[in-house]
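Report on the structure given below.
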2 protein chains.
Amino acid sequence: MTTNDLLEVHPALFDRVRLAIMAHLSVAKKPVDFNTLLAELELTRGNLSTHVRRLEEDGLVRIDKTFVDRKTRTTYACTARGKKEISQYLTAIEALLRSSL
Amino acid sequence: MTTNDLLEVHPALFDRVRLAIMAHLSVAKKPVDFNTLLAELELTRGNLSTHVRRLEEDGLVRIDKTFVDRKTRTTYACTARGKKEISQYLTAIEALLRSSL
DNA sequence: GCATACTGTTTGTATTACAAACCGGTTTGC
DNA sequence: GCAAACCGGTTTGTAATACAAACAGTATGC
């Protein structure tokens, strides 16, 4: 059954914000910083902060903090695990797509 | 931007159970009854009941109640709206798929 | 008539998404 | 040099929601 594939998908990806974050990070060549992501996704800061932290806790995203011009600069990158999970998500959806069209 | 497509997706579909329900119903030739869906998706009755009701409230699913052998029989079917929304979902994900692989 | 099973629904709880308030530090205005 | 405004996020309070347990109505077996 195709629908069972959905149960294999990482739970954190079943949220539109987190999926959008992962989609963004998984295609980026370089780490993306907080404000860039914020602008692209049109979220509040708190919302982005908590979602990305959850993704980090689940090992899908890596968070790096540095200083640029004496200001903090936080960047996010997709981990290998993250790429794997998003790929698995897409595979599951693809299966649905094939079976339903 | 491909990620913006995600924001167009119906919020009710961002739940693995509801997505599984819709996937199931959207491919079915005939309405599917409660217990069939229950067995296929391995849920508790309460869980299925509430999720499918939400889908009905959002106009994605039609609920029909009849009597068979003096027992109640509830069946679910995907509405036209439901097919449209699931299709939009799949389109958005397909866009992600293309851009990220 | 009483117990058991079938088909769902309602309710209580625990989780979670979200934005507002907050916080440490920096730059700007005076 | 002091206060106000700003920057880059984090923490907290609240409202929504996912879930399973308890419940309800009906039918069947004894």
Side-chain angles (χ1 to χ4, degrees), chain A residues 3-4 6-25 30-77 85, chain B residues 3 6-25 31-77 85:
Chain A
T3 51
N4 284 350
L6 285 176
L7 301 177
E8 313 275 319
V9 172
H10 195 292
L13 297 181
F14 272 95
D15 176 276
R16 66 202 313 168
V17 171
R18 285 194 298 269
L19 182 59
I21 292 172
M22 289 304 294
H24 218 90
L25 294 183
K30 306 197 171 203
V32 181
D33 67 282
F34 187 85
N35 283 322
T36 302
L37 214 47
L38 192 64
E40 305 262 18
L41 301 179
E42 297 176 0
L43 302 169
T44 58
R45 295 193 299 277
N47 202 4
L48 175 57
S49 179
T50 51
H51 276 301
V52 89
R53 177 193 285 252
R54 161 131 187 222
L55 289 170
E56 186 200 24
E57 285 167 356
D58 288 348
L60 308 185
V61 161
R62 180 168 29 86
I63 304 183
D64 288 306
K65 290 174 178 298
T66 58
F67 287 95
V68 174
D69 294 337
R70 311 214 163 213
K71 296 176 194 168
T72 61
R73 185 163 205 81
T74 306
T75 61
Y76 306 109
E85 295 291 357
Chain B
T3 52
L6 284 177
L7 301 176
E8 313 275 318
V9 172
H10 196 292
L13 296 181
F14 272 96
D15 176 277
R16 62 203 317 169
V17 171
R18 286 194 297 268
L19 181 60
I21 291 172
M22 290 304 295
H24 219 88
L25 294 183
V32 181
D33 66 282
F34 187 85
N35 283 322
T36 302
L37 214 47
L38 191 63
E40 305 262 18
L41 301 179
E42 298 178 358
L43 304 169
T44 59
R45 295 192 301 275
N47 202 4
L48 175 57
S49 178
T50 51
H51 276 301
V52 89
R53 177 194 284 250
R54 161 130 187 224
L55 289 170
E56 185 200 26
E57 286 167 357
D58 288 348
L60 308 184
V61 160
R62 179 167 31 83
I63 303 184
D64 289 307
K65 288 173 180 298
T66 57
F67 288 94
V68 174
D69 294 338
R70 311 211 161 217
K71 296 175 194 167
T72 61
R73 183 162 206 82
T74 306
T75 62
Y76 307 108
E85 296 291 358

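Proteins come first, then strands; the chains are lettered A, B, ... in the order of their sequence lines, and each starts at number 1.
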**Message:** Using a 3.5 Å distance criterion without hydrogens, assess whether the side chain of B/Asp69 forms a donor-acceptor pair with backbone atoms of B/Lys71.
**Reply:** no

**Prompt:** What salt bridge (Lys or Arg N to Asp or Glu O under 4.0 Å) pairs are there with at least one residue in residues 57-68 of chain A, not counting sequence neighbours?
**Reply:** A/Arg54-A/Asp58, A/Arg62-A/Asp64

**Request:** Just jot down the side-chain hydrogen bond (donor to acceptor under 3.5 Å, both in side chains) partners of B/Asn35, sequence neighbours excluded, or say none.
**Result:** none

Can you name the atoms? Protein N/O to nucleotides 27-30 of chain D N/O, anything below 3.5 Å, with the distance.
| from | atom 1 | to | atom 2 | distance (Å) |
| --- | --- | --- | --- | --- |
| D/dA27 | OP1 | B/Arg70 | O | 2.9 |

**Request:** Carefully, step by step, assess A/Leu13 and A/Leu60 under the rule side chain to side chain contact (heavy atoms under 4.5 Å, CB included).
**Result:** CA-CA 10 Å; A/Leu13 297 181; A/Leu60 308 185; 4.2 Å; yes

**Request:** With sequence neighbours excluded, tell me which residues meet side-chain hydrogen bond (donor to acceptor under 3.5 Å, both in side chains) with A/Asp33.
**Result:** A/Thr36

**Request:** State, to 0.1 Å, how close B/Tyr76 and B/Leu25 come at their nearest heavy-atom pair, and which atoms those are.
**Result:** O-CD2, 3.6 Å

**Complete:** B/Leu41 CG to C/dG8 P, in whole Å, measures 15 Å

**Fill in**
Contact string for nucleotides 9-17 of chain D, one letter per nucleotide 5' to 3', B = base within protein heavy-atom range under 4.0 Å, S = sugar-phosphate only, - = neither, reads BBB------

**Message:** Distance check, rounded to the nearest 0.5 Å: A/Arg16 atom CZ versus B/Glu8 atom CD?
**Reply:** 9.0 Å

**Item:** All side-chain hydrogen bond (donor to acceptor under 3.5 Å, both in side chains) counterparts of A/His10, not counting sequence neighbours
**Value:** none

**Rounded distance (Å) that lies between atom P of C/dT15 and atom CZ of B/Phe14** = 24 Å

**Prompt:** What is the distance from CG of B/Leu38 to P of C/dA5, rounded to the nearest Å?
**Reply:** 18 Å

